[in-house]
Enquirer: 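Dumping the structure here so I can ask a few things about it.
We're numbering straight along the sequence, starting at 1. In this text the structure is predicted, and so the values were computed from the model without any measurement.
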Amino acid sequence: MEFSTDQAVVNFEQSSAEDVSNPLRQFSLRGQYEGLAARKLKEVYVLQGIALLGQATVLYAAPNTGKTLVSLALLKEAIASGRVQAQKVFYINADDSFNGAVDKLGLTEEQSFHYLVPGHAGFDVDKLRGSIVEMIETNTARGTVLVLDTLKKFVDLMDKSKARDFSALVRAFVSKGGTVLAFAHTNKNVGADGKRQYGGTSDIVDDFDCAYIMSDVPGEHPHGSKLVEFRNVKSRGAVEQSVCCSYADGADVSYAAKLESVRLLSETELADMKRKAQKAHDANLIEAISKCISDGIGQKMKIEIAVRESTGESRRAIFRVLDAYCGTDKSVHLWTFRRVSKGAMAYSLLTPWVDPSEF
């Protein structure tokens, strides 16, 4: 069938005419750009490098990793710097003992942000949902920061339907300018890559804007400090793929002292701390290898046999340490090697080894 040019114009005009009966017209935002654009939030950090204002962010970590501690410290910094208004922050502590809740209340009052605990002042978890709905319907969500500690107290993370419904509520809240920062636990078992994995169904990660998995950085760190890393698994906006913090640790260190000690680490500091921690971890093998080379056992395979007999360590572990500390930079390396007959590797120390038993 062929149409004339005039007929095509008539058909296009008819199809382009406003259909006032379409039920979706009542929800259209056409013509509201300027008004909504004027209400856009500045892209600022609620938690430095990790969580942005106007987004939903979830932080997963194993118990006692320090997710609440570090987050409170970073939130404190955001308030002190003026990026976040204290009166707009509502930290809901639904996962603490009475003493722990009271202690955190004292710390939060110093920053003047709101602190809610189920069972106190008439608040319970069910009231959170109603409050969120009210803020959405009354357009009062803008700038409000909700900190949910921990997420499993507000929604069953193993139930896909409930997790999806809760995420939809959070999305509506965020779309009105609200901010959600939620804490959750990782699985007890690590993944095939040896890293921590988030717990529950994937719906929270799928539907939130950003997700991080927080874990300890292994090793012995100086001055009793603890090193933790936030590894990004989902991002929107200008957030970092990895953020590391350190804080004072130990049974004799108060929570307040730990909070004050939290600090972000630069890439250079992190690399240096990881290197020192790894060197401390490798100390026994380093000493055994250094002694062998100092005693004239310089060939790689002979070093491996001697060190394995004296330490009981595996061949793989011995070769890893041999390779890790081999080079010419005395600030990093401990020995170097040269090729001898038939291509064998002969090692020599960069600086003379001193037997620690002599001191």
Enquirer: Are side-chain heavy atoms of I303 and K300 found at a separation under 4.5 Å?
Expert: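 They are not in side-chain contact.
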Enquirer: Show the nearest heavy-atom pair for residues C245 and L227, with the distance to one decimal.
Expert: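 Scanning both residues completely, I find the closest heavy atoms to be O-CD1, 3.3 Å.
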Enquirer: Sort and list the pairs that fulfil salt bridge (Lys or Arg N to Asp or Glu O under 4.0 Å) and have at least one residue in residues 55-80, not counting sequence neighbours.
Expert: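 Of all non-adjacent pairs touching residues 55-80, those that pass salt bridge (Lys or Arg N to Asp or Glu O under 4.0 Å) are K76-E260, E77-R83.
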Enquirer: Tell me the closest heavy-atom pair linking K188 and R196, and the distance in Å.
Expert: O-NH1, 3.7 Å
Enquirer: Would you give the length of the straight line joining atom CG of L151 to atom CD1 of I92, rounded to the nearest 0.5 angstrom?
Expert: 11.0 Å
Enquirer: Report whether V147 and Y212 are members of the same hydrophobic cluster (ILVMFWY, side-chain heavy atoms less than 4.5 Å apart, transitive linking).
Expert: yes
Enquirer: Between F337 and Y347, how do the two ring planes meet: parallel, tilted or perpendicular, split at 30° and 60°?
Expert: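 It falls in the tilted class, 30° to 60°.
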Enquirer: Does the pair E304/R308 count as a salt bridge with the N-to-O cut at 4.0 Å?
Expert: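 Counted as a salt bridge, because a side-chain N and a carboxylate O are separated by less than 4.0 Å.
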Enquirer: Applying side-chain contact (heavy atoms from CB on, under 4.5 Å), run through R339 and M345 and close with a yes or a no.
Expert: CA-CA 5 Å; R339 294 288 181 181; M345 299 169 66; 3.0 Å; yes
Enquirer: Just how far is it from atom CZ of F113 to atom CZ of F90, taken to the nearest 0.5 Å?
Expert: 11.5 Å
Enquirer: Quick one: which residue pairs count as a side chain to side chain donor-acceptor pair (under 3.5 Å) with a foot in residues 315-326, not counting sequence neighbours?
Expert: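 Of all non-adjacent pairs touching residues 315-326, those that pass side chain to side chain donor-acceptor pair (under 3.5 Å) are D282-R320, D282-Y325.
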Enquirer: For the hydrophobic clusters of this structure (ILVMFWY residues joined by side-chain heavy atoms under 4.5 Å, transitively), does one cluster hold both Y91 and I50?
Expert: yes
Enquirer: Any donor-acceptor pair under 3.5 Å linking the side-chain atoms of D329 with those of S331?
Expert: yes
Enquirer: Test side-chain contact (heavy atoms from CB on, under 4.5 Å) on I204 and S167; report intermediate values, then the result.
Expert: CA-CA 6 Å; I204 296 297; S167 295; 3.5 Å; yes
Enquirer: Not counting sequence neighbours, list each pair that qualifies as a ring pair (Phe, Tyr, Trp, His ring centres under 6.0 Å) and has a residue in residues 158-210.
Expert: Y60-Y198
Enquirer: Tell me which pairs pass ring pair (Phe, Tyr, Trp, His ring centres under 6.0 Å) where either residue lies in residues 224-274, with sequence neighbours left out.
Expert: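 Sorted result for residues 224-274: empty, none.
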Enquirer: Would you kindly confirm whether V321 and I305 end up in one hydrophobic cluster when ILVMFWY residues are joined by side chain heavy atoms under 4.5 Å apart?
Expert: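 Per the 4.5 Å side-chain linkage, V321 and I305 are not co-clustered.
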Enquirer: Holding to side chain to side chain contact (heavy atoms under 4.5 Å, CB included), I want the full list of residues that pass it with A317, two or more places apart in sequence or in another chain.
Expert: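 Only L285, E313, S314 meet the side chain to side chain contact (heavy atoms under 4.5 Å, CB included) criterion with A317.
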Enquirer: Roughly how far apart are I289 CD1 and L334 CG, rounded to 0.5 Å?
Expert: 9.0 Å
Enquirer: Is the number of heavy atoms from other residues, nucleotides or ligands under 6.0 Å of D295 CG greater than 12?
Expert: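 More than 12 within 6.0 Å, yes.
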Enquirer: Is the closest side-chain heavy-atom distance between L157 and T201 below 4.5 Å?
Expert: no
Enquirer: Step by step, would you call D249 with K258 a salt bridge (Lys or Arg N to Asp or Glu O under 4.0 Å)?
Expert: CA-CA 7 Å; D249 194 28; K258 289 181 180 181; 3.6 Å; yes
Enquirer: D103: what forms a salt bridge (charged side-chain N to carboxylate O under 4.0 Å, His left out) with it, not counting sequence neighbours?
Expert: none
Enquirer: Which heavy atom in C292 sits nearest to a heavy atom in V307, and how many Å separate them?
Expert: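 Nearest pair, atom of C292 first, then V307: SG-CG2, 3.8 Å.
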Enquirer: Compare all side-chain heavy atoms of V46 with those of V89 and state whether any distance is below 4.5 angstrom.
Expert: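 Result no, sub-4.5 Å side-chain heavy-atom pair not found.
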Enquirer: Within the structure provided, determine whether D207 and R171 are in side-chain contact (heavy-atom separation under 4.5 Å).
Expert: no
Enquirer: Applying salt bridge (Lys or Arg N to Asp or Glu O under 4.0 Å) as the test, list every pair that has at least one member in residues 111-120; sequence neighbours left out.
Expert: none
Enquirer: Please report the shortest heavy-atom distance between M214 and V70, naming the atom on each side.
Expert: CE-CG2, 4.0 Å
Enquirer: Which residues satisfy the side chain to side chain contact (heavy atoms under 4.5 Å, CB included) test with L349, sequence neighbours excluded?
Expert: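 Scan of L349 (side chain to side chain contact (heavy atoms under 4.5 Å, CB included), adjacent residues dropped) gives S290, I293, S294, W335, W353.
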Enquirer: Nearest heavy-atom pair of T140 and E134: which atoms, and what distance?
Expert: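 Looks like OG1-O, 4.4 Å.
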Enquirer: I'd like to know if the side chain of E229 pairs up with that of S242 as donor and acceptor (distance under 3.5 Å, no hydrogens or angles considered).
Expert: yes
Enquirer: Under the side chain to side chain donor-acceptor pair (under 3.5 Å) rule, what pairs show up with a residue in residues 105-120, not counting sequence neighbours?
Expert: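 Matches after skipping sequence neighbours: N93-Y115.
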Enquirer: With side chains defined as the heavy atoms from C-beta onward, is the minimum distance between V44 and L52 less than 4.5 Å?
Expert: no
Enquirer: Let me check something: do L350 and L322 share a hydrophobic cluster, defined by ILVMFWY side-chain heavy atoms less than 4.5 Å apart, either directly or through other members?
Expert: no
Enquirer: side-chain contact (heavy atoms from CB on, under 4.5 Å) for I79 and Q85? Distances and angles first, verdict last.
Expert: CA-CA 6 Å; I79 292 171; Q85 298 178 32; over 6 Å; no
Enquirer: Could you measure the distance from the CG atom of L181 to the OG atom of S71? Nearest 0.5 Å is fine.
Expert: 5.5 Å
Enquirer: Determine, stepwise, if the pair T311 / N284 fulfils side-chain contact (heavy atoms from CB on, under 4.5 Å).
Expert: CA-CA 8 Å; T311 65; N284 288 338; 5.8 Å; no
Enquirer: Would the distance check show the side chain of K234 and the main-chain N or O of D206 forming a donor-acceptor pair, the cut-off being under 3.5 Å?
Expert: yes
Enquirer: If you compare all heavy atoms of T186 against all heavy atoms of A62, which two are closest, and at what distance to 0.1 Å?
Expert: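 Taking every non-hydrogen atom into account, OG1-N, 3.3 Å.
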Enquirer: Answer whether the closest heavy-atom distance between the side chains of I213 and K195 falls below 4.5 Å.
Expert: no
Enquirer: Would you kindly confirm whether L69 and L148 end up in one hydrophobic cluster when ILVMFWY residues are joined by side chain heavy atoms under 4.5 Å apart?
Expert: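 Unlinked, L69 and L148 end up in two clusters.
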Enquirer: With a sphere of 6.0 Å drawn around CG of D272, does it hold more than 12 non-hydrogen atoms of other residues, nucleotides or ligands?
Expert: yes
Enquirer: With heavy-atom distances below 4.5 Å as the criterion, would you say the side chains of R231 and S215 are in contact?
Expert: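 Of all side-chain heavy-atom pairs linking S215 with R231, none is under 4.5 Å.
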Enquirer: Can you list every pair that meets salt bridge (Lys or Arg N to Asp or Glu O under 4.0 Å) and has a residue in residues 156-169, with sequence neighbours left out?
Expert: K160-D203
Enquirer: Would you call Q241 and S235 a side-chain contact if the rule is heavy atoms closer than 4.5 Å?
Expert: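 Heavy-atom side-chain distance check passes, below 4.5 Å.
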Enquirer: Using the side chain to side chain contact (heavy atoms under 4.5 Å, CB included) criterion, which residues pair with A257? Sequence neighbours excluded.
Expert: V253, S254
Enquirer: Indicate yes or no for a side-chain donor-acceptor contact from T179 to the backbone of V145 under 3.5 Å, with no hydrogens or angles considered.
Expert: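 No.
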Enquirer: What's the separation between atom CG in L47 and atom CG in L53, rounded to the nearest 0.5 Å?
Expert: 11.0 Å
Enquirer: With sequence neighbours excluded, tell me which residues meet side chain to side chain donor-acceptor pair (under 3.5 Å) with R236.
Expert: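 With sequence neighbours excluded, R236 shows a side chain to side chain donor-acceptor pair (under 3.5 Å) to D209, given in chain and number order.
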Enquirer: Report the distance from atom OG1 of T144 to atom NZ of K88, rounding to the nearest 0.5 Å.
Expert: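 One finds 4.5 Å between OG1 of T144 and NZ of K88.
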